[in-house]
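Structure record follows, encoded as structure tokens.
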Amino acid sequence: MEDKTKTLQREFLKVFEKLEVVLGWEPGYDSLHATPSFIRQAKDLNKLVWNPLCSQNLCTYLVKTLNASVRKDDKKIGICVKGCDSRSLVALIQEKFITRETFYIVGIPCEGTVDWRRLMRIEPSLKDVQKVDIQGNELEVETAQKTYRFPLQQVLEQRCLHCRYPNPIIYDCLIGEPITPHIGDDQAYGDIEKIEQYSLPDRLKFWEKELDRCIRCYACRNACPLCVCRDSCIAETRTPKWLSQRCDLKEKFFYHMIHAIHLAGRCTECGECERVCPMEIPVTLIKKKLNQIVKDLLDYEAGIDPQKQPPLLTFDPGEKGI
Amino acid sequence: MSEKIFIAQGELTAMLERLSKEMDVWVPVEMGDEKWGIRFLPYHEDTIVVLDRQSTISPKNVVFPQVETLLRFRYQKDDNDPSKQRIDLKDRQDVSSALVFGARPCDVRGFHTFDQVFLNGRYKDPYYEQRREKTLFATLLCDTKDSACFCSSVGSGPGDREGSDLWIVPVDDGYVIQALNDKGRKLIPIMGKQATTEQIEKAQRIQEQVTAKRIGEYDLTRSARDFTDRFEDMDYWRDMVSKCISCGICTFVCPTCYCFNITDESRDLEGERIRSWDSCMFYHYTLEASGHNPRPEKFERYRNRVGHKFSYFPDTYSGMISCCGCGRCIRSCPVSIDIRRVVHHLKEAVDAEV
Amino acid sequence: MVNSKEESTTKKDLLIVGFLCNWCSYGGADTAGVCRFNQPTDLRIIRIPCTGRMDPLFVVKALIYGADGVLVSGCHPKDCHYNEGNFYARRRLEVLKQFLPFMGIHTDRFRYSWVSSSEGRLWQQVVTEFSETIHGLGPNPGVHGESDAKAGMSFYT
């Protein structure tokens, strides 16, 4: 079977003349990191890679960097999406920030991406990595000296451990075969249930402790594909002034509430906010809880059906259950 | 009396305990259970010190806190004339002395940059000056480089002792600690017992071995001209930093980034004037009152960051670059932007790279 | 026991923020006042044009920055002055209400209700009940972290 990286490059090459730019991943600064790649010339397509290190959600760039709603000519944007990324893409289509026709989407069924911090915790001396691949329930890391195997549960990103959508929702071309999710719908919220077992004061303590580390670098917001206010986020504007420049817990706590509540019913659980956090705060949990409420109350999941409207942007006069 | 002492691994906590009675002792600790990241926090009982890897965020906040109150104010109405207000001001408070234990040479080197800006110019910054004077650095010889480290590329190195007050060399089952100046020397009696000749010799050997190492392949110290030549090359900058998401991680974790904002934060009749970290990666950093923004695009902001560190700063401060090569901005970057690569390629276009 | 409970409910005023829609609940509160119905004194009313204007973050901000309870009240559904404002509000506020406990904030510290401008009696009932609930819960513990000390909060806390 052909290497997925090769297939990926070949598929884009086929249609490249119709594309303005291709968003994919290329090897990062070391062998344990991939980095987003903006390919504008066909000869650079061979830089593209696909492996379990390709963790960035490229949909983040659509509204904020590429301003993809405005197209000069009829050329399309080529983009690689994992299952979770495709949900962000759908959500942006739902909210009319972008149109489906603008994109040539290469979907990649994904078995999870690696959290390098978790990997380093288990094997701090890991270096000279040559290849990283998922084989069954294990992550295989080939180095110059030996081949390591790690159970996926221990090295994948938190978001991947509870992933129900490993397969892209929409695509023009699928690389590889669809895969079966590791977990069923009933376990999807296992991580938030863990928090809910705490008593109310303990939950407060938990969040006080976690959110207190926040340094307000706004990476969680900027990495979020659905944070579309660009440079007008109320966390930074002085008029209206929602937040001060202070850095006490009240401000940090409230900042995260702003992010979460603005994503209620919109978050596609790509987990980027948590992945990018330098202080390792489990912020995705907050958004997931809101998602769970919206699911139970309004029977809606973001980024699944391009035709559906996010429930908090609409209403039903005969609402039941509220 | 020798200035070199030995602390066994098991005695470390007791020593920090003794020191923490004298001053605030900042030590590297884990972010939380099962987390990889490290940050500096004041030592207290039960603190588990982690010295085997670099901290995620530099200890610059000990001397340059993320938020510092410059003054407090309170308006008071004049009872006799309601149109008049009196303002009460409270000046800053004294700070206590501190020791940063287990910093890396790169962390300490960051303060060279700070010193140029806050102390060595025409005006001295009293807030910074006070903390700087009262803060000591016990620096760890650094033998834990990873793929993002590049201290030798910017003229430093893993055994760079400059700027430290105490110097820690890890030997088999403990640490040999040595005072590098009078400030450090005062702490030596509190810290522990004299090291044996063997331990001293061993530490010396390790010191030499590590100092000889070169961390980082490029030489990034002479890029000032290359930067100005490349300044107008929009394609270069777009190509290098299209993927930047314009967050503040690189500047906040950086030991040399010193940009700040000053704001009055008040409610009702009272408030305070604070100085807080700012980041040149933010849109609002250069936003002017008129609404005009000279750096609206993120590649312009990133270009400024590179320019500041490798061109404007050396132009102003006799060739010194304001980067210490700690690699934090690379390691923590959500999209793995590599500043070494950006600076290195200023000279020759990326296409030259195979 | 009885004494201490009485003390806590009668002696200390807690801070309850009420966001009332201009057309219904604000009028309802006015009606209650004109009719001289007894009302608890710990409610501070903020008039909003419509519950559709109600950003859930108003509630969150009030609770984080020291309010002991937040009450939002507007026109009955299908009776909105602007036809649909409270339909939007209903969804947002219900989601918020269910969400607060996840962050460790008691869900009863926030309530939303529908009171029309003629329902002075109902308003009295709503606000009395809510006030009792909040007094039952006691002062809001708020959020506190280690970083507070460094942030120079002297005048605030």
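Labels below follow one simple rule: chain letters A, B, ... track the order of the sequence lines, proteins then strands, and each chain is numbered from 1. Both backbone and side-chain heavy atoms feed into the values below; hydrogens, waters and symmetry mates do not. Just so it is clear, the structure is predicted and the values come from calculations on it, not from any experiment.
In this model, a donor atom of one side chain and an acceptor atom of the other lie less than 3.5 Å apart for B:Thr144 and B:Arg104. Using modelled atom types, one finds no donor on one side chain facing an acceptor on the other under 3.5 Å when comparing B:Gln66 with A:Arg216. B:Arg238 and B:Tyr236 form no side-chain donor-acceptor contact under 3.5 Å, judged by distance and modelled atom types alone.
Only the side chain of A:Tyr61 has a heavy atom closer than 4.5 Å to any heavy atom of chain B. Residue B:Cys333 does not touch chain A at all, counting heavy-atom pairs closer than 4.5 Å. Contacts between A:Gln56 and chain B at a heavy-atom distance below 4.5 Å involve the side chain alone, from C-beta outward. A:Thr60 touches chain B through its side chain: at least one heavy atom from C-beta onward sits under 4.5 Å away, while N, CA, C and O do not. In this structure, no portion of B:Arg275 lies under 4.5 Å from any heavy atom of chain A. Neither the backbone nor the side chain of A:Arg118 has a heavy atom closer than 4.5 Å to any heavy atom of chain B. With a threshold of 4.5 angstrom between heavy atoms, B:Arg328 does not approach chain A through any atom at all. Only the side chain of A:Trp116 comes within contact range of chain B, with at least one heavy atom under 4.5 Å from a heavy atom of that chain. Looking at B:Asp264, only its backbone comes within 4.5 Å of chain A, counting heavy atoms on both sides. Looking at A:Glu210, the atoms closer than 4.5 Å to chain B (heavy atoms on both sides) all sit in the side chain, from C-beta outward.
Ranked by heavy-atom pairs under 4.5 Å with chain A, the first of B:Val335, B:Thr251, B:Leu287, B:Val253 is B:Val335. The choice from A:Val276, A:Ile215, A:Thr65, A:Asp30 that makes the most heavy-atom pairs within less than 4.5 Å of chain B is A:Ile215. Between chain B and the options A:Arg40, A:His33, A:Arg121, heavy-atom pairs under 4.5 Å are most frequent for A:Arg121. Here A:Lys241 is the residue among A:Lys64, A:Arg230, A:Lys209, A:Lys241 with the most heavy-atom pairs under 4.5 Å with chain B. Of the listed residues B:Asn261, B:Ile38, B:Ile330, B:Thr56, the one with more heavy-atom pairs under 4.5 angstrom with chain A than any other is B:Ile330.
Sorted by first then second residue, the side chain to side chain donor-acceptor pair (under 3.5 Å) pairs that include residues 231-240 of chain A, not counting sequence neighbours, are A:Arg221-A:Glu236, A:Arg238-B:Glu265.
Residues of residues 145-154 of chain B that come within less than 4.5 angstrom of chain A, heavy atom to heavy atom, are B:Ser147, B:Ala148 in numerical order.
Side-chain rings of B:Trp277 and B:Phe252 approach one another, their centers coming within less than 6.0 Å.
Taking CG of A:Asp191 as the reference point, atom NE2 of A:His162 lies at 4.0 Å (rounded to 0.5 Å). Distance CD1/A:Ile258 to NE2/A:His256: 10.0 Å, rounded to 0.5 Å.
Note: A:Phe150 and A:Tyr148 have parallel aromatic rings, judged against thresholds of 30 and 60 degrees for the angle between ring planes. Aromatic ring pairs are classed by plane angle as parallel below 30°, tilted from 30° to 60° and perpendicular above 60°; the pair B:Phe114 and B:Tyr128 is parallel.
Other residues, nucleotides and ligands contribute at most 12 non-hydrogen atoms within 6.0 Å of the CD atom of B:Glu34. Surrounding CD of B:Glu45 are at most 12 heavy atoms belonging to other residues, nucleotides or ligands under 6.0 Å away.
Proximity of a side-chain donor or acceptor of B:Glu68 to a complementary backbone N or O of B:Pro65 within less than 3.5 Å is not detected.
For the pairing with A:Arg159, the side-chain hydrogen bond (donor to acceptor under 3.5 Å, both in side chains) check across A:Asp115, A:Asn57, A:Thr113 returns one residue only, A:Thr113.
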